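These notes concern the structure reproduced below.
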There are 2 protein chains.
Amino acid sequence: MQRVPLYQAKAEFFRMLGHPVRIRVLELLQEGPKPVRELLAAIEIEPSSLSQQLAVLRRSGIVVSARDGSTVVYSLAGADVADLLRAARRILTELLAGQQGLLAELREAEQSPARLL
Amino acid sequence: MQRVPLYQAKAEFFRMLGHPVRIRVLELLQEGPKPVRELLAAIEIEPSSLSQQLAVLRRSGIVVSARDGSTVVYSLAGADVADLLRAARRILTELLAGQQGLLAELREAEQSPARLL
DNA sequence: TGGGGAATTGCAGAAGCCTTCAACTCATGG
DNA sequence: CCATGAGTTGAAGGCTTCTGCAATTCCCCA
């Protein structure tokens with residue numbers, strides 16, 4: 001078994017999350033298992049492109065797929081992703097608020113530029 | 001103000017976390033503000049490479065830097081990253097455990113391959 | 001005022017990731 | 001058995017990201 005430093009495993013994990021389509025899939029799957037067809041309808045994207053992203057999620061083990069007749073159903077692999085996404089949203093909210101605050105300052109500064117110096 | 005879909009902002013956020021050095025920096029900064037020199041000592045890496053990664057973190061707003069004489073001190077921008085990293089660790093633990101379980105099965109299977117079919 | 005250390009920036013080459021097209025597998029229904 | 005629809009896989013091309021070197025900035029101290 002190959003020993004990988006923990007911080008590297010974490011980095012890979014976050015990188016795995018770092019794609020809009022993959023995020024949307026995880027969010028959708030939080031409502032419960034979904035067939036590909038349904039994901040495809042919700043996220044507008046080429047089927048093969050969705051498949052590629054699903055493959056990334058599958059390889060990481062965060063989702064699993066099961067065949068049911070001619071359709072394939074995906075579901076979260078137990079892991080509660082909800083907490084993670086919630087924590088991310090909290091931070092993101094702070095960060096965006098910060099940026100808005102900054103932008104507000106800059107807008108004011110346009111009116112009296114001296115304040116920036 | 002340019003309106004970016006939330007799932008895209010989330011993806012960018014996770015992508016920003018997706019680098020071993022950046023993860024280590026965030027972990028170190030959880031103990032409190034640290035001068036670059038100290039980060040450099042803890043993480044073995046070229047100074048310029050660390051600077052690049054610090055710049056990524058800075059741009060995202062998750063850390064801030066302040067000059068103190070000839071050294072520069074970095075700190076978390078308030079956001080409590082701890083929760084996020086904790087949630088990530090939980091999931092990661094599950095995933096790794098899953099993989100180990102799987103590997104164990106495969107090892108058994110080597111001894112009686114029929115069980116896999 | 002000039003030397004020197006701390007950190008950052010600019011950049012080029014290498015590495016990795018994303019999208020898309022075409023080919024393929026698998027199950028269903030005629 | 002073959003055609004068709006659902007998904008997946010493979011591979012190429014274009015883009016982004018990473019690493020490391022060289023040059024630069026900023027501050028301190030002699």
Side-chain angles (χ1 to χ4, degrees), chain A residues 4-5 7-26 28-29 33-77 117, chain B residues 4-5 7-26 28-29 33-77 117:
Chain A
V4 170
Y7 54 82
Q8 189 173 330
K10 277 188 204 166
E12 275 165 31
F13 175 71
F14 285 123
R15 199 139 32 81
M16 175 276 279
L17 294 173
H19 188 290
V21 168
R22 299 197 290 261
I23 293 288
R24 295 198 70 186
V25 167
L26 291 178
L28 289 167
L29 291 186
K34 293 221 182 316
V36 171
R37 178 176 17 81
E38 211 166 309
L39 298 173
L40 208 41
I43 309 169
E44 298 205 341
I45 189 183
E46 303 250 330
S48 74
S49 201
L50 177 58
S51 252
Q52 297 282 3
Q53 305 312 327
L54 289 174
V56 173
L57 293 173
R58 242 185 303 123
R59 258 179 254 126
S60 85
I62 203 172
V63 307
V64 295
S65 67
R67 184 147 218 141
D68 174 19
S70 77
T71 85
V72 175
V73 175
Y74 277 82
S75 46
L76 293 184
L117 311 173
Chain B
V4 170
Y7 54 82
Q8 189 173 330
K10 277 188 202 166
E12 274 165 32
F13 176 71
F14 285 123
R15 197 139 32 82
M16 175 276 280
L17 294 172
H19 189 291
V21 168
R22 298 196 291 259
I23 292 289
R24 295 199 71 187
V25 167
L26 291 178
L28 288 166
L29 291 186
K34 294 220 182 317
V36 171
R37 178 177 17 79
E38 209 166 309
L39 298 173
L40 207 43
I43 309 170
E44 298 204 341
I45 189 184
E46 301 253 329
S48 74
S49 202
L50 177 58
S51 251
Q52 297 282 3
Q53 304 313 326
L54 287 174
V56 173
L57 293 173
R58 240 185 306 123
R59 258 179 256 125
S60 84
I62 202 172
V63 307
V64 296
S65 67
R67 185 148 217 139
D68 173 21
S70 77
T71 85
V72 175
V73 175
Y74 277 82
S75 45
L76 293 183
L117 313 172

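A note on names: the letters A, B, ... follow the listed sequences, proteins ahead of strands, and every chain is numbered from 1. Note that the structure is predicted; figures quoted are calculated from it, not measured.
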Inset, instruction - Identify which one of B:Leu28, B:Leu29, B:Ile23 satisfies the side-chain contact (heavy atoms from CB on, under 4.5 Å) criterion when paired with B:Val25. - result: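 In the set B:Leu28, B:Leu29, B:Ile23, the residue that makes a side-chain contact (heavy atoms from CB on, under 4.5 Å) with B:Val25 is B:Leu29.
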
[N] phosphate, OP1 or OP2, under 4.0 Å from [X] side-chain N/O:
X: B:Ser70; N: C:dA6; value: no
X: A:Gln53; N: C:dC17; value: no
X: B:His19; N: C:dG16; value: no
X: B:Arg15; N: C:dC18; value: no
X: B:Tyr74; N: C:dT8; value: yes
X: A:Arg22; N: C:dC18; value: yes

Atom [atom1] of [X] and atom [atom2] of [N]: how far apart are they, to the nearest Å?
X: A:Glu46; N: C:dT19; atom1: CD; atom2: C1'; value: 8 Å
X: B:Leu50; N: C:dA6; atom1: CG; atom2: C1'; value: 12 Å
X: B:Ile45; N: C:dA6; atom1: CD1; atom2: P; value: 17 Å
X: A:Arg59; N: D:dT8; atom1: CZ; atom2: P; value: 12 Å
X: A:Leu57; N: C:dC18; atom1: CG; atom2: P; value: 11 Å
X: A:Leu17; N: C:dC17; atom1: CG; atom2: P; value: 14 Å
X: A:Arg67; N: C:dT28; atom1: CZ; atom2: P; value: 9 Å
X: A:Gln8; N: C:dG16; atom1: CD; atom2: P; value: 12 Å

Legend entry - B:Thr71 side chain, from C-beta outward: closest of C:dT19, C:dA6, D:dG20: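 Of C:dT19, C:dA6, D:dG20, C:dA6 is nearest to the side chain of B:Thr71.
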
Legend entry - A:Leu54, nearest nucleotide to its side chain (from D:dT19, D:dT8, C:dT19):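 Of the candidates, D:dT8 comes closest.
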
Legend entry - Min side-chain heavy-atom separation A:Leu17-A:Arg22 under 4.5 Å: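 No. Closest side-chain heavy atoms not under 4.5 Å.
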
Inset, instruction - State, yes or no, whether a side-chain contact exists between B:Val21 and B:Leu50 at a heavy-atom distance under 4.5 Å. - result: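 Contact flag for B:Val21/B:Leu50 side chains = yes.
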
Inset, instruction - Report yes or no: is there a donor-acceptor pair, N or O only, under 3.5 Å between the side chain of A:Ser49 and the base of C:dC18? - result: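 Looking at the base of C:dC18, it does not pair with any donor or acceptor on the side chain of A:Ser49 (distance under 3.5 Å).
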
Legend entry - Under-3.5 Å donor-acceptor pair between A:Gln52 side chain and D:dG7 base: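 For A:Gln52, whose side chain was compared with the base of D:dG7, there is no donor-acceptor pair (under 3.5 Å).
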
Inset, instruction - Please work out which residues in residues 35-43 of chain A have a non-hydrogen atom less than 4.0 Å from an atom of DNA chain C and list them by number. - result: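 Going residue by residue through residues 35-43 of chain A, none turns out to have a heavy atom under 4.0 Å of DNA chain C.
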
Inset, instruction - Remember a base hit wins even if backbone is also touched, and classify A:Ser51 as base, sugar-phosphate or nothing at under 4.0 Å, heavy atoms. - result: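 Base, at least one base heavy atom under 4.0 Å.
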
